[in-house]
2 protein chains.
Amino acid sequence: MKKIAVILSGCGYLDGSEIHEATLSLYFIEKYGMEYDVYAPDIDQYHVINHLTREVENGKRNVLVESARIARGKIKNLDLLNAENYDALFLPGGNGAAKNLSDYAFKGAEVKVLKKAESVIKEFSDEGKYICAICIAPVIVAKSLGNKKVQVTIGDDKETAADIESFGARHINKAVTEFNFDEANKVLTTPAYMYNAKITEAAEGIEKLVKKLSEII
Amino acid sequence: MKKIAVILSGCGYLDGSEIHEATLSLYFIEKYGMEYDVYAPDIDQYHVINHLTREVENGKRNVLVESARIARGKIKNLDLLNAENYDALFLPGGNGAAKNLSDYAFKGAEVKVLKKAESVIKEFSDEGKYICAICIAPVIVAKSLGNKKVQVTIGDDKETAADIESFGARHINKAVTEFNFDEANKVLTTPAYMYNAKITEAAEGIEKLVKKLSEII
């Protein structure tokens, strides 16, 4: 059975992993006959956002500990992720990808990707393994693999697309129910909640991406 | 389009709503042609549990604010829920149902259900509307409607089943991929993560339950 390494970045779309994207990714990975392990970095979240008021709250939360809520405790420190043990890498979205796995939410085109996340992305790519990224997560794949001219989608947001192209990658506009497949670089991406989408729309794009992965992996 | 009121109880299976059950419920409700609004009580969680270590943590979290992570901010105070505006009530599981919506986790058969949750359950039942409950949540439906001799499943846990029968309700053993339909009382229940289940197994039971609801509602 093909094994997928999923990287989470917290628990909640404003300061961590987008919960629907993460849950539906795990569901479809298993539904299409693959299995997964979940990882997250053992670092503090950049901040905590109240998801009712959308305001920053006092207090610290740890990315690994909060991601464990989505993974039901079955999660490992990202430092332990070894590409050799997996057939593909999977990055759900949410602002955690832009605030915890990188500083894209604050630095834009000057983004730096978390060192271990970047090295893992390069490792999967160098070993010719598939990389899947949802929502805003394709930004950190594009940044990490910029010199390989990867082709990704984050939907149709012009500013984010311009940032992606500034890394040397190429951006392709896609609808929420679609995904982009860069065959040369083995990178699959879908916009999900980059759009103000319904859960079934986000799920449709994610399901199509995962189904495709299951056919080619 | 039929409208479902979903009640959440936090964000994480040890101290709030079970995230997979909640997300998959929203997904299947929409997939089978219904729409939903999400509610949660504006109260402190009973406690906060670290989902990595399973130990109680310092700090307070609010059930409505944490549930907003799953609902992506589109959530209302449970006090505002009026059964007249909906065709069915839907209660995902997780320990939040047994710790925040009730004190079942601590009091067992002596459980008290949160006043507003109990009145809402009675209201939907009195109006002849469907009530769906997942995982441990059937306990609070059974307690709230005990005198109606409702028939529910929480899987096959004998102690919980005995508590349910002590309320005057009837417990039916079901597998994780099955659901129970009490036609007389219009109550649908499925065990989900009452079993140590895979996400696709929990999803199968929830999907069958929601599909049935969509056919009869």
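Nothing here was measured: the structure is a model prediction, and the numbers come from that model. Note on naming: letters A, B, ... go to the chains in the order of the sequence lines (proteins, then strands), and numbering restarts at 1 for each one. Values reported hereafter were calculated over all heavy atoms of this structure, with side chains retained and with hydrogens, waters and symmetry mates removed.
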K.L.:
Check the pair Thr23(B), Tyr27(A) against side chain to side chain contact (heavy atoms under 4.5 Å, CB included), reporting the backbone distance first and the verdict last.
P.N.:
CA-CA 10 Å; Thr23(B) 300; Tyr27(A) 170 53; over 6 Å; no

K.L.:
Between Phe181(B) and Tyr130(B), how do the two ring planes meet: parallel, tilted or perpendicular, split at 30° and 60°?
P.N.:
tilted

K.L.:
Output yes when a side-chain donor or acceptor of Asp42(B) lies under 3.5 Å from a complementary backbone atom of Leu64(B), and no otherwise.
P.N.:
no

K.L.:
Could you tell me which portion of Leu14(A) (side chain, backbone, both or neither) has an atom closer than 4.5 angstrom to a non-hydrogen atom of chain B?
P.N.:
neither

K.L.:
Report, in residue-number order, which members of residues 198-215 of chain B are under 4.5 Å from chain A by heavy-atom distance.
P.N.:
Lys198(B), Ile199(B), Thr200(B), Ala203(B), Glu207(B)

K.L.:
Under a 3.5 Å distance rule, please check whether Asn180(A) uses its side chain to pair with a backbone N or O of Thr189(A) as donor and acceptor.
P.N.:
no

K.L.:
Which one wins on heavy-atom pair count under 4.5 Å against chain B: Arg54(A), Glu18(A), Lys31(A)?
P.N.:
Glu18(A)

K.L.:
Which bit of Tyr36(A) is near chain B, if near means a heavy-atom gap under 4.5 Å: side chain, backbone, both or neither?
P.N.:
side chain

K.L.:
Identify which part of Asp15(A) has an atom lying under 4.5 Å from any heavy atom of chain B, answering side chain, backbone, both or neither.
P.N.:
side chain

K.L.:
Is a donor from one side chain sitting under 3.5 angstrom from an acceptor on the other, for Tyr86(B) and Asp37(B)?
P.N.:
yes

K.L.:
Check whether Ser144(B) reaches the backbone of Ile140(B) with its side chain - one donor and one acceptor, N or O, closer than 3.5 Å.
P.N.:
yes

K.L.:
Let me see the working for Glu66(A) and Arg69(A) under salt bridge (Lys or Arg N to Asp or Glu O under 4.0 Å), right down to the final yes or no.
P.N.:
CA-CA 6 Å; Glu66(A) 296 308 315; Arg69(A) 292 177 176 271; 3.1 Å; yes

K.L.:
Have a look at His47(B) and tell me which of Glu57(B), Lys60(B), Arg61(B), Lys99(B) forms a side chain to side chain donor-acceptor pair (under 3.5 Å) with it.
P.N.:
Lys99(B)

